[in-house]
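Since the structure comes first, as structure tokens, the remarks are kept for the end.
Lettering follows sequence order; numbering is per chain, from 1.
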Amino acid sequence: MTITRRKLMQGAGAIALTSPFIRNAQAATLELRWLGWEHYNVASIVHGFEKEYGVKVSSGFFDGNSEAYNKLKTGGTTDYDLVMADGFWPRLYGKQGLTQPVDYGQLDNMQYVFDDFKAPNYMLLQEEGGTNMIAAPNCWGGYGLTVNLDKIAPEDADSLSVLFNPKYAGHVSTSARFEENIALAGILAANTLGTKDGPRPDGKPFNPYVLTDAELEEAKKLLIKQKSLLLTRWNDEDTLERLLRAQAVWVSPEWSGIYRRIAFDKMDGKSDLNMQHVLRPREGGLGWVDTWAITSGVDSERMELAHKWINWRLKPENMAIIATDVGWSPTVDVRKLIPERYVKTMFLNETGAIKGLYQFDAPSSPEKWERVWSEVEAA
Amino acid sequence: MKNNRLFFWVLTGPGTAFLLLFLILPLMSIVVFSFWRTESYHLYADWNLDNYRVLATNPSYVTFLLRSLFMASVVSFVSLVVAWPVAFFITRYGGQFKIILLLLTSTPFLTGEILRVTAMQQILGPIGLINMALTTFGFDPVTALMYSKTATAIGLIYLWLPFMVLAIHLSLLNFDFELLQVAKVNGARPLRAFWEVTWPLNRAGSAIGVVLVFIPTLASSITSKFLGGPNGALFGNILAHQFGSTGTWALGSAMGVVLFVISLLVLYIVWKSIGDLNRSGITIKGGAE
């Protein structure tokens with residue numbers, strides 16, 4: 001077949017005439033991709049956004065910040081437009097060039113966020129030493145102690161030392177997360193060594209994820225001693241919940257979701273368990289604010305959509321769904337939209353507590369921490 | 001001749017390409033990474049032997065390896081002891097139901113590993129079936145079953161037993177059971193007949209079963225993660241840790257290489273132990289040449 005000039009012109013004309021429709025078709029199938037914790041993938045919120053903006057939303061999931069970080073480092077910035085991160089992690093992402101600044105001017109719903117999660121009260125959403133905002137808040141919480149007060153003495157209940165107390169041997173549990181185990185033991189170790197409130201080698205305030213060698217060594221000793229007291233290290237919340245309800249475990253750090261479910265059962269007359277959740281143990285506790293950050297691979301077209309997504313997620317009605325259906329405490333004030341018992345057990349009247357909690361962070365030396373954890377596990 | 005060559009490449013090409021791409025290449029990359037270095041989640045191509053030095057000299061990693069070797073030995077031995085009567089019964093008396101009985105032993109494989117291990121938690125844990133029953137009747141719970149190495153061993157035996165049964169069954173399928181009658185006529189009691197006739201002539205089946213149980217147990221991590229408790233971490237758990245939360249890929253790669261080399265060593269030992277196949281397992285009714 002020979003291509004004549006006339007045929008070439010006809011073809012070019014057809015392309016020119018249909019190109020606006022092709023562009024529209026592409027716009028209609030624009031896809032926003034986010035990487036985050038699976039429980040935040042709420043169908044009603046996602047479908048609402050897709051319907052409102054005529055786009056498609058897809059998601060990928062991870063179990064922890066370090067896993068997400070590794071995903072982004074190995075090409076994830078082009079695979080995902082948004083990433084969720086908590087504590088100090090958004091700053092690390094920003095420093096590594098994995099994310100780009102978030103324009104709060106496009107986030108009308110930031111007005112509903114509690115002041116406790118905005119600058120100057122909470123500074124981890126802003127780049128270190130700069131003015132750019134690097135992430136927007138989502139939910140918050142602690143990694144406090146859920147304690148069975150029928151079994152644990154009240155004077156022991158609000159101290160991290162309860163996790164290391166031989167009185168409760170066989171009824172203590174912790175999660176399998178090595179970072180938080182070392183960090184909690186690190187807080188106690190720094191208290192014991194008297195180094196928590198003194199000058200730090202890096203000139204910054206105490207951070208349980210940046211421990212000195214002496215504190216790390218003391219934390220290791222504590223964790224090795226603790227092993228004989230543990231029933232198990234839980235890998236999933238279901239296991240811990242069953243063990244707490246059966247009173248096989250009397251105390252464990254957790255996110256407070258299990259405490260809330262048991263507390264609701266008590267309010268409904270379905271359980272007699274006398275449970276308490278200590279958000280901030282007296283030596284100090286761990287906490288987190290999880291956030292939405294925009295990856296560095298996002299182009300201008302998706303940039304606007306990424307902001308719309310964050311704004312959509314911050315909408316109080318959507319945050320109320322997160323509170324009641326998913327069970328995490330929002331950084332948005334939804335107190336008028338959810339039942340009082342959620343407000344109480346999600347500590348929504350105590351959001352200021354976030355200031356006293358050491359935020360989740362990456363271990364200062366993953367290699368050193370890995371070695372410590374291996375020694376604990378092998379002991 | 002030319003057609004034969006083309007036919008050969010058409011048949012073997014896709015399989016070879018698949019193995020090269022998805023088995024050999026990842027293995028090669030693991031070997032390469034094992035000589036590199038990781039620092040704060042970054043992988044640096046600084047060629048060195050440090051990861052192997054750490055694995056050889058740090059008592060923690062040696063402990064994990066010894067734990068896994070011991071666990072794999074115990075699980076293989078117990079599986080062998082449990083699987084033999086089952087496989088023997090199925091092959092000797094299963095008749096037309098042999099395949100169905102064999103498939104029944106593999107029923108747990110219809111579900112995922114995590115589900116099977118979770119089910120074991122419901123039986124072995126402090127609020128599992130066994131301990132709940134004991135405490136209901138006023139007995140003390142069996143602490144050895146609660147998040148312990150024993151619980152891990154039971155879980156692993158439950159997971160891999162079907163492989164052992166299958167390997168022994170396949171060996172027994174070619175075994176001439178009339179030999180047992182001959183042994184009996186000559187005055188041998190059943191146990192002696194087993195030791196002197198059945199066992200040596202089916203050594204290959206047992207050996208293959210041991211390989212099929214030993215190697216996956218050596219690398220296992222999920223069972224010990226859920227059933228092992230605070231003292232139950234195996235080599236596989238620590239290896240998985242390197243590629244997960246700690247991000248120490250280079251050390252993890254070296255651990256993977258060590259595991260691979262040990263697995264090859266086990267295969268070699270088993271291969272050597274089988275010896276002459278015609279005399280030790282691959283028996284054919286009517287006599288082998």
Side-chain angles (χ1 to χ4, degrees), chain A residues 62-74 92 96 170-174 176-182 220 223-224 226-236 238-239 241-249 362-379, chain B residues 37-43 50-51 54-55 58-67 114 117-118 121-122 125-128 131-132 135 141 143 146-148 151 221-222 224-235 237-252 255:
Chain A
F62 56 74
D63 283 329
N65 289 295
S66 44
E67 190 189 330
Y69 180 76
N70 283 330
K71 275 190 180 175
L72 285 198
K73 289 290 287 183
T74 49
L92 182 64
Q96 297 282 328
H171 298 284
V172 178
S173 186
T174 68
R177 294 164 64 103
F178 88 108
E179 301 102 319
E180 278 62 64
N181 277 316
I182 296 178
K220 185 176 86 182
L223 288 166
I224 291 173
Q226 187 193 43
K227 284 179 75 179
S228 61
L229 314 178
L230 293 175
L231 177 64
T232 186
R233 292 193 201 281
W234 50 274
N235 288 287
D236 57 295
D238 284 350
T239 299
E241 185 163 348
R242 279 188 285 109
L243 294 173
L244 278 167
R245 284 182 185 272
Q247 305 200 62
V249 166
S364 51
S365 167
E367 292 71 30
K368 219 181 254 184
W369 281 47
E370 188 282 327
R371 211 58 53 85
V372 166
W373 188 246
S374 289
E375 285 172 28
V376 170
E377 289 279 76
Chain B
R37 176 175 69 84
T38 32
E39 193 181 317
S40 294
Y41 309 106
H42 292 271
L43 198 54
D50 204 45
N51 297 312
V54 168
L55 289 182
N58 189 307
S60 309
Y61 304 110
V62 177
T63 303
F64 293 126
L65 189 59
L66 291 177
R67 263 189 209 167
I114 290 185
V117 172
T118 308
Q121 254 184 323
Q122 312 297 327
I127 47 171
N131 281 325
M132 285 295 265
T135 46
T143 49
M146 298 183 202
Y147 301 112
S148 61
S221 62
I222 292 176
S224 46
K225 184 176 172 180
F226 284 90
L227 298 175
N231 294 307
L234 298 176
F235 197 72
N237 294 98
I238 298 303
L239 195 159
H241 211 225
Q242 315 298 322
F243 290 99
S245 40
T246 62
T248 39
W249 290 17
L251 183 64
M255 293 176 91

Contact class of [X] relative to chain B, heavy atoms under 4.5 angstrom:
X: A:F62; answer: neither
X: A:Q247; answer: neither
X: A:R371; answer: both
X: A:K227; answer: both
X: A:E179; answer: side chain
X: A:D238; answer: neither
X: A:A248; answer: side chain
X: A:S364; answer: backbone

Problem set entry | Closest-packed option against chain B by number of heavy-atom pairs under 4.5 Å, given A:P366, A:S365, A:A362, A:S173 |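 Max contact count across the listed options: A:P366.
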Exercise. Among A:E67, A:R177, A:E375, which has the most heavy-atom pairs under 4.5 Å with chain B?
Worked result: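 Result: the option with the highest number of such pairs is A:E375.
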Seminar exercise, completed: Here the gap from B:I238 atom CD1 to B:L55 atom CG, rounded to the nearest 0.5 Å, amounts to 11.5 Å
Exercise. So, does B:N237 use its side chain to make a donor-acceptor pair with the main chain of B:S224 at under 3.5 Å?
Worked result: no
Exercise. Does B:R37 reach the main-chain N or O of B:A250 with its side chain, forming a donor-acceptor pair under 3.5 Å?
Worked result: no
Measuring heavy-atom distances to chain A, does [X] have an atom under 4.5 Å in its side chain, in its backbone, in both, or in neither?
X: B:T248; result: side chain
X: B:N58; result: side chain
X: B:T63; result: side chain
X: B:F64; result: side chain
X: B:L251; result: side chain
X: B:V62; result: neither

Exercise. Side chains of A:W369 and B:T246: closer than 4.5 Å at any heavy-atom pair?
Worked result: no
Problem set entry | Beyond-backbone contact of A:R233 with A:N181, side-chain heavy atoms, under 4.5 angstrom | yes
For this session: Assign the ring pair A:W373 / A:F178 to parallel, tilted or perpendicular, where the plane angle (0 to 90°) is split at 30° and 60°.
Result: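 A:W373 and A:F178: tilted rings.
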Problem set entry | Aromatic plane relationship, B:F243 with B:W249 - under 30° parallel, 30 to 60° tilted, over 60° perpendicular |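 Plane angle between 30° and 60°, so tilted.
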For this session: Using only heavy-atom distances, determine whether the side chains of B:T118 and B:Q122 contain a donor-acceptor pair under 3.5 Å.
Result: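 No pair is found: no donor N or O on one side chain lies under 3.5 Å from an acceptor on the other.
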Exercise. After noting the C-alpha distance and the side-chain angles of B:H42 and A:Q96, does the key distance pass the side chain to side chain contact (heavy atoms under 4.5 Å, CB included) rule?
Worked result: CA-CA 11 Å; B:H42 292 271; A:Q96 297 282 328; 3.5 Å; yes
For this session: Compare every heavy atom of A:T232 with every heavy atom of B:G229, then report the nearest pair and how far apart it is.
Result: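 Nearest pair, atom of B:G229 first, then A:T232: CA-OG1, 4.1 Å.
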